[in-house]
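Here is the structure we will look at.
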Amino acid sequence: MLLNVPGFVRSLLRLPSRGDELGSLEVNMFSSNRKEDQLPRAMGRRSFLIAAGAAAAGLAYAYVQRSEPAHAAAATADLPKKVSIAEFSDSGQRKSVVSLGTVIKTEDEWRKQLSPDSFEVTRHAATELPYTNENPNEHAKGVFRCICCDTALFDSSTKFESGTGWPSFWAPIAKENILETTDNSFGMVRTAVSCRRCDAHLGHVFDDGPPPTGLRYCMNSVAMRFAKAS
């Protein structure tokens, strides 16, 4: 499971949970029409949220690692035998939609293929610490692919700096390549995102992202590999 640290902190502190309120706060902080005496209060609140978020992230991470995963791998019988996947070149050019067999492996097989961190995140829905690898592509042009089955997930052109400590995108490269499901863990209702072909847990999507979609796909960097455009 990937924790939305700002949302988690707001729930702990009983602060407003609407992402647009924080976004509006940031815009108003640098607005020429904003009164000068309002700026220190806005910055003070923002600094408080950041500090509280950092502390909560550490506690939440420790708790998540000790808890039963919220997104366990689906039972083999529940997975379709084939799925339709949109194929892309490493430069992000769409090729065609193909029908491919679902990738199903045993726990031991996944362990042999993946690093320990990638295994826990993708197969057991754990989370990596924030700021572990927020910019895995260093803004180069290319495609983020599933670490488990190499399915194209996100184009680097949709990546943005969210300030959360995890790679964030405002849209997937193709809706047919991901699966979104409801996650009710930790007393919150969120939308989990996984790879449609292999059921690898990737992260969560929130509605506080930038235009044009207004969405923030908050992903674990260890759940993906970056394929640089040639």
Side-chain angles (χ1 to χ4, degrees), residues 1-11 15-34 38-39 42-43 45-50 52-54 56-57 86 88 91-94 127-146 152-183 188-195 201-224 226-229:
M1 180 189 99
L2 178 63
L3 289 178
N4 172 18
V5 174
F8 181 67
V9 172
R10 285 194 295 269
S11 67
L15 294 174
S17 59
R18 290 177 54 194
D20 57 350
E21 291 184 15
L22 287 182
S24 176
L25 174 63
E26 293 179 12
V27 171
N28 289 336
M29 284 172 60
F30 298 98
S31 172
S32 59
N33 296 324
R34 187 167 179 83
Q38 291 178 307
L39 182 59
M43 292 185 67
R45 184 185 178 200
R46 178 171 170 79
S47 298
F48 172 73
L49 284 175
I50 293 174
F88 290 82
S91 62
Q93 182 178 4
R94 188 180 179 115
T127 186
E128 66 188 3
L129 281 169
Y131 302 102
T132 298
N133 191 13
E134 187 178 11
N135 300 300
N137 67 325
E138 297 181 350
H139 303 287
K141 181 176 176 56
V143 170
F144 289 85
R145 297 183 178 276
C146 176
L153 301 172
F154 298 94
D155 190 291
S156 62
S157 63
T158 65
K159 188 174 182 295
F160 69 98
E161 301 301 327
S162 65
T164 61
W166 289 282
S168 299
F169 308 83
W170 49 259
I173 198 168
K175 273 289 188 178
E176 52 263 59
N177 289 9
I178 64 169
L179 182 65
E180 298 182 6
T181 56
T182 301
D183 178 1
M188 298 178 284
V189 179
R190 296 171 296 163
T191 302
V193 181
S194 58
C195 173
H201 174 72
L202 306 172
H204 289 81
V205 58
F206 303 94
D207 61 0
D208 58 358
T213 65
L215 299 176
R216 171 171 58 92
Y217 284 83
C218 197
M219 303 289 102
N220 281 282
S221 63
V222 295
M224 307 176 293
F226 180 67
K228 189 175 181 179

So which heavy atom on [X] is nearest to which on [Y], and how close?
| X | Y | value |
| --- | --- | --- |
| Thr164 | Cys218 | OG1-SG, 3.8 Å |
| Ser156 | Phe226 | CB-CE1, 4.1 Å |
| Leu202 | Ser194 | CD1-C, 3.7 Å |

Separation of [Y] [atom2] from [X] [atom1] (nearest 0.5 Å):
| X | Y | atom1 | atom2 | result |
| --- | --- | --- | --- | --- |
| His204 | Asn220 | NE2 | CG | 9.5 Å |
| Cys195 | Ile178 | SG | CD1 | 9.5 Å |
| Arg216 | Phe160 | CZ | CZ | 6.5 Å |
| Leu179 | His201 | CG | NE2 | 12.0 Å |
| Ile173 | Arg145 | CD1 | CZ | 7.5 Å |

Quiz prompt | Ring geometry between Phe169 and Phe154 (parallel below 30°, tilted from 30 to 60°, perpendicular above 60°) | solution =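 Ring orientation, 0 to 90° scale: parallel.
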Can you tell if the side chain of [X] reaches within under 4.5 Å of the side chain of [Y], non-hydrogen atoms only?
| X | Y | answer |
| --- | --- | --- |
| Trp166 | Ser221 | no |
| Thr182 | Val189 | yes |
| Tyr217 | Thr158 | no |
| Glu161 | His139 | yes |
| Met219 | Leu153 | no |

Backbone N or O of [Y] within a donor-acceptor pair of the [X] side chain at under 3.5 Å?
| X | Y | result |
| --- | --- | --- |
| Asp155 | Ser157 | yes |
| Ser91 | Ala229 | no |
| Thr191 | Val205 | no |

Exercise. Check salt bridge (Lys or Arg N to Asp or Glu O under 4.0 Å) between Glu176 and all other residues, then give those that pass, not counting sequence neighbours.
Key: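 Glu176 satisfies salt bridge (Lys or Arg N to Asp or Glu O under 4.0 Å) with Arg94 once adjacent residues are dropped.
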Self-check item: salt bridge (Lys or Arg N to Asp or Glu O under 4.0 Å) involving Lys175 - partner list, sequence neighbours excluded
Solution: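 Glu180.
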Quiz item: Considering residues at least two apart in sequence or located in another chain, which fulfil the side chain to side chain contact (heavy atoms under 4.5 Å, CB included) criterion with Tyr131?
Solution: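 Applying side chain to side chain contact (heavy atoms under 4.5 Å, CB included) to Tyr131 gives Glu134.
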